[in-house]
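Below, read A as the first sequence line, B as the second, and so on, with proteins coming before strands; counting in each chain starts at 1. Note that these values count all heavy atoms, side chains included, but never hydrogens, waters or copies made by symmetry.
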Amino acid sequence: MKPNYYRTHTCGDLRASDVGATVRLSGWVARTRHLGAIIFVDLRDRWGRTQCVVGEDSPHYAVVSELRRETTVRVVGQVVERQSKNAELDTGDVEVILDELEVLATSDPLPFEVVPKPVTSEATRLKYRFLDLRRDKMLRALKLRSDVIFSLRTRMVAQGFTEYQTPILTASSPEGARDYLVPSRRYPGHFYALPQAPQIFKQLLMVGGQERYFQIAPCFRDEDARADRSPGEFYQLDMEMSFVEQDDVFEVIEPVLEGVFREFSDQDVTPAPFPRIAYKDALLRYGSDKPDLRNPLQISDVSDIFAGSGFGLFEGIIAKGGVCRAVPAPGAADRSRKWWSNLEAVAKDAGAGGMAWLAFAPGKRKGSVARFFDDDRAARLADAMGLSEGDGVCFLCGAEGPTARQAGALRDAVGQRLGLVEEGCFKFCWIVDYPFYERDEDTGKIEFSHNPFSMPQGGLDALLHKDPLDILAYQYDIVCNGVELSSGAIRNHRPDIMKQAFEIAGYSAQDVEERFSGLWTAFHYGPPPHGGLAPGVDRMVMLLAGEKDIREVIAFPMNQQAQDLMMGAPATVRDDQLAELHLGVVWPKKGK
RNA sequence: GGGACGGUAGUUCAGCUGGUUUAGAACGCCGGCCUGUCACGCCGGAGGUCGCGGGUUCGAGUCCCGUCCGUCCCGCCA
């Protein structure tokens, strides 16, 4: 490093070979150890930690003995070999005998200690994020984030993509999550919106002949937080390409993801091409549209097995159009009644009315529905599910949608409790063939199930001649270890097909024209066929950092209530600011 | 908007079924001792409206109601 007033070396630099040198170091007082006539000071910066030592005879002894943790200091001293070395420290062979000490800034008593593990609530960490960020773990996480983003850029550019910027102040979009709105000063009652994603802009870039777009794009959505979803804003590796089919998009992005995950982890990574699972199959076999493939269990539909079994409850539900789904529990035949009843509690938590089970114990069958299974029925079940002696199985019965998801929750629980979930790997898959429309459960109306701008499979012909609920979309998600990384689609670039698609969902051509006028107009001037997707950068880094909480890989995340406790956002503003924007506040009524 | 769990010293937590002391411990902070520590050690000290408000009770950190705050989940996330 280039020496300056503050330092000749970082706190991670010094080795035995530096013995005898006079060095300058700057950093924070991590710890002091006061042994009477000798004081050790651990000096820390983002690169490491170096032990400084001062004796009673030093003119600095008095000042050093007063040093509080996290004081910012500059020291000058001679590097010497240690009498007692510390093998756990890179700089553990040497120490610096302090000749000069300058306190650059003092620190108040700390709200929490800057140690590897946080020993305080997340709220306190966020309020004092600048202290939290000094921890090794945060330094590593943010460095990883930077490296991952750099690698993504490099990999995209290498494939002929160009990075663009798109507006942050744009128009509110009628679809999707709630928008963050920005009032206009010049136009009373008019608002900008922060983009939920640069979706329209990237499509306009395609119409603009740019062909291969990408952006590490900030996205703003006013939605509530989850462990894997930071409220307010997040980043996507947004990409779009022209003159492509679904497979072309997959072939571009698979090596990027596989490459990045191999580059930044030592774990096994699904090699491209990633497995593709139809949406319908994902719900049947995994009970989720974001299956965690580290869990090897697969759900089966066993509705027909229960026909004529004499188990009236299930037979009745199935007769009314319900389904029975079975989750295998390999090797669980010897588990206690209590074990199965705990599983039932999981199913009930997920909303199931109850759970039946059957175990193939050696020489006999047991379980809540054993008496409904004669040898023949048991054989058919075992055959259908690949079960053998020693295995067990759980049954859930009810309406198809909810039952599928409850079986998914049960699959997670069984996999975990039987220790079947593979550790130390990243399992990718595509979820493809999403339905284009779905029926709203409350209103009975037909609605777009995902992006209304994705291309229906079969095009105009399908829209004109097929049952809308049978039409699939060129819409796809990429999932890694049960985390949805992104969704994307081949877009509908044809105004005629778009008009028909919206008509089925109850919108007129005029509606489309008004609500999506920019894109609608553009599509009348020779749009190229195009498609893309947008993997979440924060989620990728979260997976690579081995974190369950996305806020651990964001420097300044908001809390779950979408507040920034350090900056105090959101906050009220002055009346004159509101007046300038032609706004008044309607305060919510207190009480109920 | 709804559900579960939580809120006790600067921080993390203990405090059982309502009554034992003056609400404890660890870390941090302040003072003292200590020349090879590296989570240094030892001795001493300060630090509390038990989130807030109300109620039940002879008596509430503990039970009840309300309220605020936090974490996770559901809704939401084309």
Quick one: is [X] getting a side-chain N or O under 4.0 Å of the [N] phosphate, OP1 or OP2?
X	N	answer
Arg69(A)	G28(B)	yes
Gln561(A)	U71(B)	yes
Arg31(A)	A39(B)	no
Arg33(A)	C34(B)	no
Gln563(A)	G70(B)	yes

For the base of [N], is there a side-chain donor-acceptor partner from [X] under 3.5 Å away?
X	N	result
Arg229(A)	C76(B)	yes
Arg226(A)	G75(B)	yes
His34(A)	C40(B)	no
Glu56(A)	U35(B)	no
Asn559(A)	G70(B)	no

Is there a Watson-Crick or G-U wobble partner for [N] with both distances under 3.5 Å, and if so, which one is it?
N	result
C72(B)	G3(B)
G61(B)	none
U17(B)	none
C38(B)	none
A23(B)	none
A9(B)	none

From the set [options], return the single nucleotide nearest to any side-chain atom of [X].
X	options	result
Arg82(A)	U35(B), G70(B), G36(B)	G36(B)
Asp549(A)	C76(B), C38(B), C72(B)	C72(B)
Arg68(A)	C73(B), C30(B), C38(B)	C30(B)
Glu223(A)	G70(B), C76(B), G36(B)	C76(B)

Using a heavy-atom cut-off of 4.0 Å across all strands, would you classify [X] as base, sugar-phosphate, or nothing?
X	value
Lys127(A)	nothing
Ser84(A)	base
Pro111(A)	sugar-phosphate
Glu95(A)	base
Arg551(A)	sugar-phosphate

In whole Å, I'd like the distance from the [atom1] atom of [X] to the [atom2] atom of [N].
X	N	atom1	atom2	value
Asp228(A)	C76(B)	CG	C1'	14 Å
Glu70(A)	C29(B)	CD	P	11 Å
Ile550(A)	C72(B)	CD1	C1'	16 Å

Point to revise | Nearest-angstrom distance, C1' atom, G59(B) to C42(B) | key: 42 Å
**Study point:** Pairwise P distance, G36(B) and U22(B) [rounded to whole Å]
**Key:** 45 Å
[Y]/[X] salt bridge by N-O under 4.0 Å criterion:
X	Y	answer
Lys137(A)	Glu547(A)	yes
Asp549(A)	Arg551(A)	yes
Lys499(A)	Glu513(A)	no
Asp42(A)	Arg33(A)	yes

Check your understanding: Would you find a donor on one side and an acceptor on the other, under 3.5 Å apart, between the side chain of Asp511(A) and the backbone of Ser508(A)?
Key -> yes
For nucleotides 4-6 of chain B, list the nitrogen or oxygen atoms of the protein found under 3.5 Å from its nitrogen or oxygen atoms, one pair per line.
none

Check your understanding: Ring of Phe40(A) versus six-membered ring of U37(B): centres under 5.5 Å and planes under 30°?
Key ->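 The base of U37(B) is stacked with Phe40(A) (centres under 5.5 Å, planes under 30°).
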Check your understanding: Do Ile478(A) and Glu484(A) come close enough that some side-chain heavy atom pair is under 4.5 Å?
Key ->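 The answer is no, as the side chains (C-beta and beyond) never meet within the 4.5 Å cut-off.
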Practice item. Report the relative orientation of the aromatic rings in Phe453(A) and Phe502(A); use parallel for angles under 30°, tilted for 30 to 60°, perpendicular for over 60°. Key: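 Correct class here is tilted.
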Review point. Atom OG of Ser230(A) and atom CD of Glu552(A): how far apart are they, to the nearest 0.5 Å?
Key: 11.5 Å
Study note, to complete from the structure: One should read off an interatomic distance between Asp470(A) CG and Gln457(A) CD, to the nearest 0.5 angstrom, of 12.0 Å
